[in-house]
Visitor: 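Just dropping this structure here.
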Amino acid sequence: MLHIGAHLSSAKGYLAMGKEALSMKADTFQFFTRNPRGGAAKEINKEDVSSFRTFASDHHFTSLIAHAPYTLNACGKEERVRAFAIQALSEDLARTEFLPGNYYNFHPGSHVGQGIETGIQKIAEVLNMTIRPEQSTTVLLETMAGKGSEVGSRFEQLRTIMDRTNYSEKLGICLDTCHVYDAGYDIVNHLDDVLEEFDHIIGLSRLKAVHLADSKNPFASRKDRHETIGNGFIGLDAMIRIINHPALKSLPFILETPTDTAGHAKEIALLQKHYSE
Ligand code: FE
Ligand code: FE
Ligand code: ZN
C-alpha cells in the first residue's frame, strides 16, 4: 500500500487537515507546528486533537509529520537564534506528544560561516538539550540541498549529528528528493547506488519518511526549488522508481510540490496508478 499525503496548512486544526487529506485520497500529511517564518505556537485544542485521532484511526491513517519552522536554526551564530531553536524544539516536542508516535522533521541548520564542523557540533548540542528519553516522537533530520551554508547535504554530516546525540534512537532521517538531487545524489540514474550509500553511511533502518518533489534545477545545482511531480529535472519515471523501490515503498511519502489540493489529488492518483504492491 502506498502511504502518501501532502504538506497542508495547519490554520484550521487537525480534524480539518485530516478531512482535507482524505479528500485527496491521502492517508498521511505534513504540517507546520507554527508559522514557518517563526513566532509563537498556537494553543493545542484538545477537542480537535481527540476528534482527529478518532478520524485518523477510522480512516487508517499512517504516521504524520510535524515540520519545524524554517527560522529554526540550531547552529545559528547569534545567541537569540540558538535560543529560539532550543525553545521552539522543546515546545514543539512537548506538543507532538498530544499525537503520540509520529514524526517531527526539521532542517538541521545553516552554519552561516562558522564551518560545517561547528555547525554539526551545535546541532547535536541543541538536540541533546531538547530530546527527552521518554518522548514517543521520532525527530527527523531532513536531507538538505546544500544551499548557502546548509548543514545536512551529505549523508556523512547527518550521521555525525546522530552519533553525537545522546538519544540517537529518537532520531531518524527524512529524505527529500528535490534536496538530495540538488545536493548531487543522482536518484535519477543511480537510485540503487544512492540508497546503498545511504545504507552504508547511516543505515536504511533510520530512513523514516520521504519528501516528494521534483526539482526546478538540474542535477547538483544546490538551489532547492521544488517543482510539481514529473515537471522538473527528476521526471516522472524516476519518481515512479522511487515510490516502488523496495527500500522506500513502505515509508510515508509527503508531496512538497507547489500546487493546491486539487493538484495534490491528481499527483496522488498518478503515483497510485504507478505503484505496485
Ligand atoms: Fe523541509
Ligand atoms: Fe522537504
Ligand atoms: Zn526544499
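We count ligands from 1, going down the list as the structure has it; atoms in each ligand are counted the same way. This structure is a prediction, so every number in the text was calculated from the model and none was measured.
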Visitor: Which atom, counting only N, O or S, brings Glu142 closest to the Fe ion (ligand 1)?
Guide: OE1
Visitor: Decide, counting backbone as well as side-chain atoms, whether His226 has an N, O or S atom less than 2.8 Å from the Zn ion (ligand 3).
Guide: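 Given the 2.8 Å cut-off, His226 counts as a ligand of the Zn ion (ligand 3).
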Visitor: So which N/O/S atom does His211 have closest to the Fe ion (ligand 2)?
Guide: ND1
Visitor: Between Arg164 and Glu117, does at least one N-O distance fall below 4.0 Å, as a salt bridge requires?
Guide: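 So Arg164 pairs with Glu117 through a salt bridge.
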Visitor: Distance check below 2.8 Å: does His179 bring an N, O or S atom to the Fe ion (ligand 1)?
Guide: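 So His179 does not count as coordinating the Fe ion (ligand 1).
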Visitor: Answer yes or no: is there an ion pair linking Glu91 with Arg34, defined by an N-O contact shorter than 4.0 Å?
Guide: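 Result for this pair is yes, salt bridge flagged.
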Visitor: Quick one: angle His179 NE2 - the Zn ion (ligand 3) - Asp224 OD1, to the nearest 10°?
Guide: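 It rounds to 90°.
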Visitor: Do any of the N/O/S atoms of His107, backbone or side chain, fall under 2.8 Å from the Fe ion (ligand 1)?
Guide: yes
Visitor: Please check if any side-chain donor atom of Ser136 sits under 3.5 Å from a side-chain acceptor atom of Glu97, or the reverse.
Guide: yes
Visitor: With under 30° as parallel and over 60° as perpendicular, where do the rings of His67 and His211 fit, or are they tilted in between?
Guide: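 Rings of His67 and His211: parallel, under 30°.
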Visitor: Quick check for you: with the Fe ion (ligand 2) as the vertex, what angle do OE1 of Glu256 and OD2 of Asp176 span, to 10°?
Guide: 90°
Visitor: Where do Val151 and Cys75 come nearest, in terms of heavy atoms and distance?
Guide: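 Smallest interatomic distance, heavy atoms only, reads CG2-SG, 4.2 Å.
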Visitor: Hey, are Arg159 and Asp163 close enough for a salt bridge, meaning a charged N less than 4.0 Å from a carboxylate O?
Guide: yes
